[in-house]
2 protein chains.
Amino acid sequence: MRKEKVYISQETVKRLSLYLRNLRRLEKEGVRVICSDRISELLDVSPAQFRKDLSYFGEFGKRGVGYEIRRLIEELEDILGVNKQWKIVLIGVGRLGSALLRFEGFSKFNLKIELAFDIDKRKIGKVINGVKIEDVQRLTERVKEEGVKVGLISTPPQVAQEIADRLIEGGIKGIMNFAPVTLKIPEDVFITNVDMACELERVIFFLNNEGKVKTDSKLLS
Amino acid sequence: MRKEKVYISQETVKRLSLYLRNLRRLEKEGVRVICSDRISELLDVSPAQFRKDLSYFGEFGKRGVGYEIRRLIEELEDILGVNKQWKIVLIGVGRLGSALLRFEGFSKFNLKIELAFDIDKRKIGKVINGVKIEDVQRLTERVKEEGVKVGLISTPPQVAQEIADRLIEGGIKGIMNFAPVTLKIPEDVFITNVDMACELERVIFFLNNEGKVKTDSKLLS
DNA sequence: TTTTATTTGTTCCTATTTTCACAAAAAGTA
DNA sequence: TACTTTTTGTGAAAATAGGAACAAATAAAA
Ligand SMILES: NC(=O)c1ccc[n+]([C@@H]2O[C@H](COP(=O)([O-])OP(=O)(O)OC[C@H]3O[C@@H](n4cnc5c(N)ncnc54)[C@H](O)[C@@H]3O)[C@@H](O)[C@H]2O)c1
Ligand SMILES: NC(=O)c1ccc[n+]([C@@H]2O[C@H](COP(=O)([O-])OP(=O)(O)OC[C@H]3O[C@@H](n4cnc5c(N)ncnc54)[C@H](O)[C@@H]3O)[C@@H](O)[C@H]2O)c1
């Protein structure tokens with residue numbers, strides 16, 4: 001039964017996305033039905049966690065049987081919203097940006113980078129993966145025009161705040177930021193920072209404290 | 001006073017890394033001393049959180065004054081282990097891998113990719129950013145030889161598990177994985193998954209549930 | 001039909017994380 | 001020196017998240 005008011009944590013959302021990807025993989029392998037115990041073996045998530053994550057949104061399984069994969073994929077796509085088309089804009093077509101632009105992992109599933117901007121005259125006009133790189137000068141205007149709602153920032157950190165401001169002015173409501181800066185954004189805009197340097201330093205921290213570490217996620221100092 | 005036995009959460013470690021980066025930036029701007037309230041304005045972390053994170057490792061501030069930035073930078077570098085040299089190996093020099101290889105954000109601070117491997121004959125032998133791309137066939141052997149302890153996996157997901165196994169056989173103790181798969185690794189190896197597709201879907205989830213969203217990290221369904 | 005096997009959905013409990021709030025410390029001021 | 005202001009470090013409280021455990025549901029077996 002659907003709940004009246006439930007707060008979904010960001011950790012849950014991350015896991016939903018993880019479930020979806022792996023269910024798709026399983027379906028491709030010909031699996032039709034799966035139970036939470038099997039999911040748990042595959043991913044690093046407890047069976048109870050899997051069931052609980054889903055329970056926030058409804059009842060998708062059959063007791064004594066498990067989950068019909070096709071059905072669950074569709075439910076998850078609906079929950080996450082990836083069954084709809086979302087226009088994405090990329091700003092900063094440098095080394096990382098052009099990797100993102102060429103990456104099929106997004107576009108495979110309705111998440112397609114449709115606009116790209118850079119400040120570098122040599123890049124403007126070039127077409128990568130079917131997307132023409134435009135002048136960042138026209139960013140706000142073009143974002144409004146196209147009704148884009150999601151932005152990926154892969155510019156140098158120095159200009160990332162300015163880019164974010166202009167995206168938001170253009171109506172962007174969700175940002176994935178790769179620049180190593182903490183951006184100031186209004187409450188109604190969602191941001192996720194992909195911070196590779198932090199991630200790498202986390203690995204280093206673990207190594208540096210080897211022997212003193214207790215579990216996979218804890219350290220004993 | 002240093003604690004006998006304290007467990008440090010991964011969230012704390014991420015924040016330590018964030019603090020370090022921003023303290024470096026502040027120092028460059030000429031700031032000498034900072035208090036937790038100012039840090040809190042700059043980053044998206046409460047002053048109490050900042051103080052508590054640091055308190056797990058010692059007392060670095062001065063009451064009524066704040067934290068001497070130089071001192072704190074050095075303490076954090078020591079805590080994270082980034083004051084030591086760490087050899088890093090990259091596997092899969094494709095679009096993402098070559099961006100990583102060329103990225104100065106890591107190498108600036110003792111985190112240097114020193115070995116790179118690929119399976120593609122056209123890439124093997126090429127030099128990027130001073131690093132010669134080697135044949136992945138010799139991966140385990142070379143990792144042992146060089147005593148590398150950290151590995152970045154940016155190969156296609158299909159081969160990521162195999163690469164991880166060979167890295168671990170070679171003595172790797174920390175992995176940053178960019179391939180969208182859940183890798184099976186032994187307890188004593190640390191792994192962090194940089195999962196951009198999940199992150200992007202998290203943004204989409206927020207947009208898809210707009211209006212029903214309560215706070216920056218919670219959703220009302 | 002009854003019994004046995006599974007496996008979900010959910011409640012309740014436990015553990016972890018964050019925030020609060022304040023004594024203790026430092027430095028300036030009178 | 002005594003008083004004021006500021007800000008840390010931290011124990012206690014509040015908020016969150018995770019996990020165990022079990023009734024309810026389903027299907028298969030007897
Ligand atoms: N390369 C990596 O592997 C990597 C890893 C982690 C984080 N990052 C971060 O991602 C961002 C991009 O990194 P990169 O290595 O691709 O850098 P890059 O220099 O290769 O690319 C940056 C691009 O942004 C463009 N640009 C600069 N100012 C601009 C502006 N005002 N408007 C629009 N475009 C502008 C540049 O012309 C360039 O094409 C940086 O913030 C970096 O710290 C990169
Ligand atoms: N490009 C992106 O922006 C992006 C974003 C998110 C995730 N990823 C993930 O990162 C990984 C790399 O992506 P990419 O876009 O760079 O792909 P890519 O195809 O450009 O690069 C993959 C590289 O790995 C090499 N490779 C293949 N098999 C190998 C093996 N057995 N041993 C060593 N090297 C091998 C290939 O030769 C190639 O150079 C993928 O798993 C992808 O899903 C990429």
Side-chain angles (χ1 to χ4, degrees), chain A residues 1-16 18-19 23 31-69 71-72 75 79 214-221, chain B residues 1-16 18-19 23 31-69 71-72 75 79 214-221:
Chain A
M1 203 214 315
R2 194 161 284 246
K3 303 300 172 44
E4 283 316 304
K5 280 178 170 221
V6 186
Y7 293 89
I8 308 300
S9 81
Q10 286 305 310
E11 288 306 310
T12 293
V13 182
K14 280 189 203 172
R15 284 191 297 265
L16 292 176
L18 196 67
Y19 303 152
L23 289 167
V31 188
R32 290 269 167 279
V33 173
I34 194 154
C35 64
S36 56
D37 278 6
R38 282 283 296 124
I39 285 279
S40 172
E41 284 164 27
L42 254 44
L43 314 183
D44 209 32
V45 176
S46 78
Q49 183 78 78
F50 175 76
R51 297 200 300 270
K52 181 166 261 186
D53 285 339
L54 293 177
S55 79
Y56 296 129
F57 301 94
E59 299 192 3
F60 309 126
K62 216 179 226 174
R63 297 178 186 207
V65 181
Y67 300 84
E68 203 237 308
I69 290 190
R71 157 92 193 283
L72 195 49
E75 295 284 2
I79 292 165
K214 197 59 188 295
T215 76
D216 61 326
S217 69
K218 301 291 169 331
L219 167 118
L220 181 52
S221 83
Chain B
M1 198 214 316
R2 195 161 284 248
K3 303 302 172 41
E4 284 315 306
K5 279 177 171 220
V6 186
Y7 294 90
I8 309 300
S9 81
Q10 286 305 309
E11 289 305 311
T12 294
V13 181
K14 280 189 204 173
R15 284 190 298 264
L16 292 177
L18 195 68
Y19 302 153
L23 289 166
V31 188
R32 291 268 167 281
V33 173
I34 195 154
C35 65
S36 57
D37 277 5
R38 281 283 297 123
I39 285 279
S40 171
E41 283 164 29
L42 256 44
L43 314 183
D44 208 31
V45 176
S46 78
Q49 183 79 79
F50 176 77
R51 298 200 299 273
K52 178 145 274 186
D53 284 339
L54 293 177
S55 79
Y56 297 128
F57 301 95
E59 299 190 5
F60 309 127
K62 217 178 224 175
R63 296 177 186 210
V65 182
Y67 300 84
E68 203 237 306
I69 290 191
R71 158 94 194 282
L72 195 49
E75 295 283 2
I79 291 164
K214 196 60 188 292
T215 78
D216 63 326
S217 69
K218 300 290 168 341
L219 167 118
L220 180 51
S221 82

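Chain letters run A, B, ... following the sequence lines, proteins first and then strands; every chain starts at 1. These values consider heavy atoms only, across backbone and side chains, with no hydrogens, waters or symmetry-generated copies.
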Does A:Tyr67 put a side-chain nitrogen or oxygen below 4.0 Å from OP1 or OP2 of C:dT6?
no
Just how far, in rounded Å, is P of C:dT17 from CD of A:Gln10?
18 Å
What does A:Thr12 touch in the nucleic acid at a heavy-atom separation under 4.0 angstrom: a base, only the sugar-phosphate, or nothing?
nothing
Can you tell me how far P of D:dT16 sits from CD1 of A:Ile8, to the nearest Å?
13 Å
Is the distance from OP1 or OP2 of C:dT8 to the nearest side-chain N or O of A:Ser36 less than 4.0 Å?
yes
Does the gap between the ring centers of B:Phe50 and B:Tyr67 come in under 6.0 Å?
yes
If the glycosidic angle is within 90 degrees of 0 it's syn, otherwise anti, so just tell me which one C:dA26 is.
anti
Under 4.0 Å between a side-chain N or O of A:Arg15 and OP1 or OP2 of D:dG18?
yes
Can you give me the closest heavy-atom contact between A:Ser40 and A:Ser46, atom names plus distance?
OG-CA, 3.9 Å
N or O in side chain of A:Ser46 less than 4.0 angstrom from D:dG19 OP1/OP2:
yes
Options D:dT26, D:dG9, C:dT18, nucleotide nearest the side-chain atoms of A:Arg63
D:dT26
Give a yes/no answer on whether the side chain of A:Ser9 brings an N or O atom under 4.0 Å of OP1 or OP2 in D:dT16.
no
Separation of atom CG in B:Leu54 from atom P in C:dT18, rounded to whole Å:
14 Å
Spacing between A:Tyr7 atom OH and D:dA17 atom P, to the nearest angstrom:
12 Å
I want to check one thing: is the phosphate of D:dA25, taken as OP1 and OP2, less than 4.0 Å away from some side-chain N or O of A:Lys62?
no
Could you tell me the separation between the CG atom of A:Asp53 and the P atom of C:dT10, rounded to a whole number of Å?
13 Å
Take atom CD1 of B:Ile69 and atom P of D:dT8, then tell me their distance rounded to the nearest Å.
12 Å
With a cut-off of less than 4.0 Å, is there a side-chain N or O of B:Gln49 near OP1 or OP2 of C:dT17?
no
Closest to the side chain of B:Ala48, out of D:dT26, C:dA21, C:dA26, is C:dA21
D:dT8 phosphate, OP1 or OP2, under 4.0 Å from B:Arg51 side-chain N/O:
yes
Could you tell me the Watson-Crick or G-U partner of D:dT26, where both distances fall under 3.5 Å? Say none if there is no partner.
none
Whole-Å distance, A:Glu68 CD to D:dA27 P, equals 13 Å
If you count the non-hydrogen atoms of other residues, nucleotides and ligands that lie under 6.0 Å from NZ in A:Lys62, is the total more than 12?
no
Atom pair CD/CD of A:Gln49 and A:Glu11 - distance to nearest 0.5 Å:
9.0 Å
Derivation and outcome, side-chain contact (heavy atoms from CB on, under 4.5 Å), residues B:Ile79 and B:Val13:
CA-CA 9 Å; B:Ile79 291 164; B:Val13 181; over 6 Å; no
Do you know which two heavy atoms are closest between B:Arg71 and B:Phe60, and how far apart they sit?
NH2-CD2, 3.3 Å
Counting any heavy atom closer than 4.0 Å, what does A:Arg38 reach on the DNA or RNA strands: base, sugar-phosphate only, or nothing?
nothing
Whole-Å distance between C:dT18 P and B:Asp44 CG?
13 Å
Any strand counts, and the cut-off is 3.5 Å on both contacts for Watson-Crick or G-U wobble. Which nucleotide pairs with C:dA5?
none
Is there a donor on the side chain of A:Lys52 or the base of C:dT10 sitting less than 3.5 Å from an acceptor on the other?
no
